[in-house]
Number of protein chains: 2
Amino acid sequence: MSASGSGRPVDGERRMPADGERRKPADATIADIHPCSACDVRQLSVCNVLDAPELKRLAEIVSTVTLPAHRTVLHEGDPADHLYNVTGGCVKLYKLLADGRRQITGFLFAGDFLGLALEDRYAYSAEAVGEVTLCRFPRRRLERLLDDLPKLEKRLLGNASNELAAAQDQMILLGRKTAREKIASFLINLAARAERRGQSADPLALPMSRTDIADYLGLTTETVSRTFTQLKTRRVITLLPGGMVALTDRLAIEELASGG
Amino acid sequence: MSASGSGRPVDGERRMPADGERRKPADATIADIHPCSACDVRQLSVCNVLDAPELKRLAEIVSTVTLPAHRTVLHEGDPADHLYNVTGGCVKLYKLLADGRRQITGFLFAGDFLGLALEDRYAYSAEAVGEVTLCRFPRRRLERLLDDLPKLEKRLLGNASNELAAAQDQMILLGRKTAREKIASFLINLAARAERRGQSADPLALPMSRTDIADYLGLTTETVSRTFTQLKTRRVITLLPGGMVALTDRLAIEELASGG
DNA sequence: CGGGACTTTGAGCAAATTCAACCATTGTGG
DNA sequence: CCACAATGGTTGAATTTGCTCAAAGTCCCG
């Protein structure tokens with residue numbers, strides 16, 4: 001089951017502003033002054049509770065990072081020196097057992113926050129699934145900033161509370177659902193999150209490998225593959241080229257997901 | 001698998017101060033004024049970051065509750081009007097699937113916080129395992145108080161972060177560990193928490209039923225029972241009367257727990 | 001066009017579940 | 001006070017779901 005991908009620590013960072021490639025040219029100068037104010041995933045992020053001057057303070061401590069596929073973002077046990085916000089791409093979080101068995105505890109997409117840990121070491125590893133862009137915050141400086149920005153702290157608490165709820169959903173999935181129900185739940189969950197990000201939920205993108213899906217759902221790749229073909233045969237999904245899935249019969253998938 | 005126990009909403013509450021039965025008589029008057037300051041699980045709780053005047057403000061909005069075994073503390077989907085702190089006994093949190101399959105997402109003991117949800121409805125149900133005592137906080141009033149007590153808010157964030165780490169441990173348990181490893185992890189986890197509370201970790205108390213353990217570990221009661229007898233036969237544990245277990249060979253249990 | 005990685009499919013197997021019976025403990029009513 | 005029902009726990013046998021091992025197929029990228 002190969003523990004992880006090729007893993008070296010983060011590099012390739014550079015100061016804001018990031019490339020403006022998916023930003024209108026007119027915004028470029030604004031972005032130079034207040035990079036965060038031109039961020040196209042701000043509305044999805046924890047930063048959305050901050051006003052312009054507060055954003056500016058945040059922008060002062062942030063740097064952007066672009067990582068290629070399979071690059072390790074952070075590693076379990078390493079000093080938790082930085083926190084991140086995903087601005088593009090997909091990141092997987094995982095833990096390993098001594099013998100290499102792996103459990104992926106979550107997939108992060110644009111707008112998702114990464115690294116919350118009031119411990120001084122990361123409790124899990126994180127790796128880029130495809131190419132990923134991230135905002136990076138030095139932990140110490142962000143913590144100091146939090147004292148001045150109670151709104152942000154409240155938002156982080158809300159965020160943590162949501163993640164906790166999601167973790168409990170994942171527990172009932174792992175502990176009590178069948179393979180078919182797990183796959184269905186996974187698809188519905190990804191679709192809902194894609195929608196929230198304003199991305200396509202019906203031809204749904206699955207950027208991660210079958211092995212990743214298996215390690216997320218507590219299955220093997222073979223079972224994941226078999227279950228996909230089973231759902232395909234039953235005409236509830238259609239597997240499209242390029243890692244896309246069509247949710248042909250979304251109602252049926254939703255029923256399966258909730259244990260119908 | 002019978003959904004839950006006999007479940008009616010909380011009652012039987014009364015205002016502080018609680019009975020002083022495990023408090024020295026001399027403290028009784030102090031308790032009348034600042035009930036929280038005499039709390040014997042304060043050092044374990046989120047309240048441990050507050051000084052005397054802050055504690056007093058907290059005490060003003062708290063009431064204590066004693067619930068018999070199997071009483072529902074709060075119910076998934078109900079308005080999240082109160083938050084709780086467990087002061088004695090054991091509470092189980094769980095979620096149900098439509099057909100009654102149950103996943104217990106956690107057991108709470110003295111000092112543990114319950115009900116954190118920035119949603120307006122509880123995301124799970126909670127039920128007393130044995131007789132339980134709780135501190136109860138009206139959510140609105142506690143939220144208002146949080147604006148004045150940033151220390152407490154930070155503590156809650158730290159708490160949530162710890163719970164998140166525990167949730168990830170539970171995910172790798174549910175997704176990737178064998179029945180034997182699950183039981184071993186469960187015992188080690190309970191022992192560590194008992195120790196932190198200053199309770200006996202070696203003759204370890206298991207207040208919950210086999211069914212509860214099964215629903216927590218993603219197993220059936222039969223498998224839990226078989227695994228216990230297997231560990232008993234291998235002389236790594238000893239089952240004692242009164243729901244106690246001796247961790248005869250703790251090292252072996254720890255090795256099993258980490259997937260050795 | 002070829003090679004490597006990923007995915008799918010197949011056959012046999014094993015861990016855990018299901019179904020069923022039995023045992024132990026406890027509480028209750030005759 | 002004891003018989004007995006009820007609950008929870010243990011054990012056994014058969015079954016099943018998902019896993020392991022193995023091979024073939026597909027896709028992508030140079």
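Lettering of chains follows the sequences in order, A, B, ..., and the numbering in each one begins at 1. Just so it is clear, the values below take in all heavy atoms, side chains as well, and ignore hydrogens, waters and symmetry mates.
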For residues 252-260 of chain B, dump all side-chain donor-acceptor pairs below 3.5 Å to protein atoms at least two apart in sequence or in another chain.
from	atom 1	to	atom 2	distance (Å)
B/Ser258	OG	B/Glu254	O	3.2
B/Ser258	OG	B/Glu255	O	3.3

Legend entry - Intermediate values then yes/no, salt bridge (charged side-chain N to carboxylate O under 4.0 Å, His left out), B/Lys92 and B/Asp215: CA-CA 10 Å; B/Lys92 64 189 179 202; B/Asp215 284 347; over 6 Å; no

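- The stretch residues 224-236 of chain A comes close to DNA chain D through A/Arg226, each having a heavy atom under 4.0 Å from the strand.
- A straight line from CD1 of B/Ile213 to C1' of D/dT10 spans 14 Å, rounded to a whole angstrom.
- In this structure, B/Gln103 contributes its side chain and B/Tyr94 its backbone to no donor-acceptor pair below 3.5 Å.
- The separation between B/Leu239 atom CG and D/dT11 atom P is 10 Å, rounded to whole Å.
- Figure legend: A/Arg193 and A/Phe109 shown without cation-pi pairing, the cationic atom not lying both under 6.0 angstrom from the six-membered ring centre and within 45 degrees of its axis.
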Inset, instruction - Could you walk me through whether B/Arg102 and B/Asp212 pass salt bridge (charged side-chain N to carboxylate O under 4.0 Å, His left out), step by step? - result: CA-CA 9 Å; B/Arg102 185 177 67 158; B/Asp212 285 346; 2.9 Å; yes

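- A sub-4.0 Å separation between OP1 or OP2 of C/dC6 and a side-chain N or O of A/Ser209 is absent.
- Here the P atom of nucleotide D/dG9 and the CG atom of B/Leu240 are 16 Å apart, to the nearest Å.
- Each of A/Thr220 and A/Pro241 has a nearest nucleotide on DNA chain D; the 5'-most of these lies closest to A/Thr220.
- Straight-line distance from the CG atom of B/Leu217 to the P atom of C/dT17: 10 Å, rounded to whole Å.
- Atom C1' of nucleotide D/dT20 and atom CZ of A/Arg101 are separated by 14 Å, given to the nearest angstrom.
- In this structure, A/Gly218 reaches the sugar-phosphate backbone alone: every heavy-atom distance under 4.0 Å involves primed, P, OP1 or OP2 atoms, never a base.
- Protein atom CZ of B/Arg210 is 14 Å distant from nucleotide atom C1' of D/dT7, rounded to whole Å.
- Of the listed nucleotides (C/dA16, D/dC19, D/dT11), D/dC19 has the atom at the smallest distance from the side chain of A/Leu219.
- Distance CG/B/Leu44 to CZ/B/Phe113: 15.0 Å, rounded to 0.5 Å.
- Taking atom CZ on B/Arg180 and atom C1' on C/dA14, their separation rounds to 13 Å, with Å as the unit.
- Checking the phosphate oxygens (OP1, OP2) of D/dG9, no side-chain nitrogen or oxygen of B/Thr221 falls inside 4.0 Å.
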Inset, instruction - Please assess A/Thr211 against A/Thr221 for the test side chain to side chain donor-acceptor pair (under 3.5 Å), listing each intermediate value before the final yes or no. - result: CA-CA 5 Å; A/Thr211 306; A/Thr221 44; 4.9 Å; no

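- Atom CG in B/Asp215 sits about 11 Å away from atom P in C/dT17, given to the nearest Å.
- Where A/Ala179 and B/Thr223 meet DNA chain D, the nucleotide closest to each residue was compared, and B/Thr223 sits on the side nearer the 5' end.
- For A/Glu222, counting side-chain heavy atoms from C-beta on, the closest listed nucleotide (C/dT18, D/dC21, C/dA16) is D/dC21.
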